[in-house]
Amino acid sequence: MSTELVLLAVLMFAVTYPTRALGLLTPGLERLPKVAFDYLQLVGPAVLAAIAAVNVIVVTDDAGTPSFHIGVEWLAVLACLAITAWRKNLLFGLVAAVAVVAIARATGLAAMPA
């Protein structure tokens with residue numbers, strides 16, 4: 001295991017945890033107007049969604065050149081969104097998205113990332 005990855009994980013935790021824990025760490029947050037409270041509660045998920053979107057939309061070749069990518073991951077994201085909206089359960093959506101990608105790669109319909 002590379003120690004660089006452990007350092008990266010610790011750094012990402014330090015950067016993203018404060019936004020995700022805003023509701024737990026800020027006293028008196030419930031006194032804010034409802035619109036502001038709802039906005040602040042969605043900052044953490046929005047940051048994590050932006051990070052994840054880059055991994056779905058952009059691929060980098062061996063030369064380091066980024067390019068736009070359309071693949072099975074897009075189908076998995078759509079399945080996750082649809083199931084999450086339908087069942088009101090993020091876990092079901094995430095499991096479905098992972099299943100879509102795993103089945104597509106296992107059957108050879110989608111290539112493994114380089």
Side-chain angles (χ1 to χ4, degrees):
M1 183 170 141
S2 172
T3 58
E4 293 172 356
L5 295 179
V6 173
L7 181 61
L8 180 63
V10 170
L11 177 65
M12 291 305 298
F13 173 80
V15 170
T16 62
Y17 182 75
T19 58
R20 290 183 284 135
L22 190 62
L24 298 172
L25 300 176
T26 307
L29 194 64
E30 66 277 353
R31 293 187 306 238
L32 286 173
K34 182 167 175 26
V35 175
F37 183 75
D38 291 344
Y39 175 81
L40 290 173
Q41 290 296 325
L42 295 175
V43 168
V47 169
L48 295 175
I51 293 169
V54 170
N55 290 317
V56 171
I57 296 172
V58 178
V59 294
T60 306
D61 61 11
D62 292 335
T65 307
S67 63
F68 185 74
H69 171 69
I70 296 179
V72 70
E73 297 85 4
W74 285 78
L75 180 62
V77 168
L78 292 175
C80 181
L81 289 172
I83 291 173
T84 301
W86 173 49
R87 301 293 296 166
K88 306 285 190 261
N89 189 325
L90 180 60
L91 179 62
F92 288 161
L94 291 173
V95 168
V98 170
V100 166
V101 173
I103 291 169
R105 289 183 178 161
T107 59
L109 295 173
M112 289 292 291

| message | Rounded to the nearest 0.5 Å, what separates atom CG in L90 from atom CD1 in I83? | response |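 Separation between the atoms: 11.0 Å.
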
Nearest heavy-atom pair of [X] and [Y]: which atoms, and what distance?
X	Y	value
A76	A97	O-CB, 3.4 Å
W74	V56	NE1-O, 3.7 Å
G93	T84	CA-OG1, 3.6 Å

Are [Y] and [X] co-members of a hydrophobic cluster defined by side-chain heavy atoms under 4.5 Å apart?
X	Y	answer
I70	I57	yes
V95	L78	no
V58	V77	yes
F68	V72	no

| request: Flag the pair L94 / V98 as yes when at least one side-chain heavy-atom distance between them is below 4.5 Å, and no otherwise. | output: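 Heavy-atom side-chain distance check fails, nothing below 4.5 Å.
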
| Any donor-acceptor pair under 3.5 Å linking the side chain of T16 with the backbone of M12? |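 Looks like yes, one N/O pair under 3.5 Å.
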
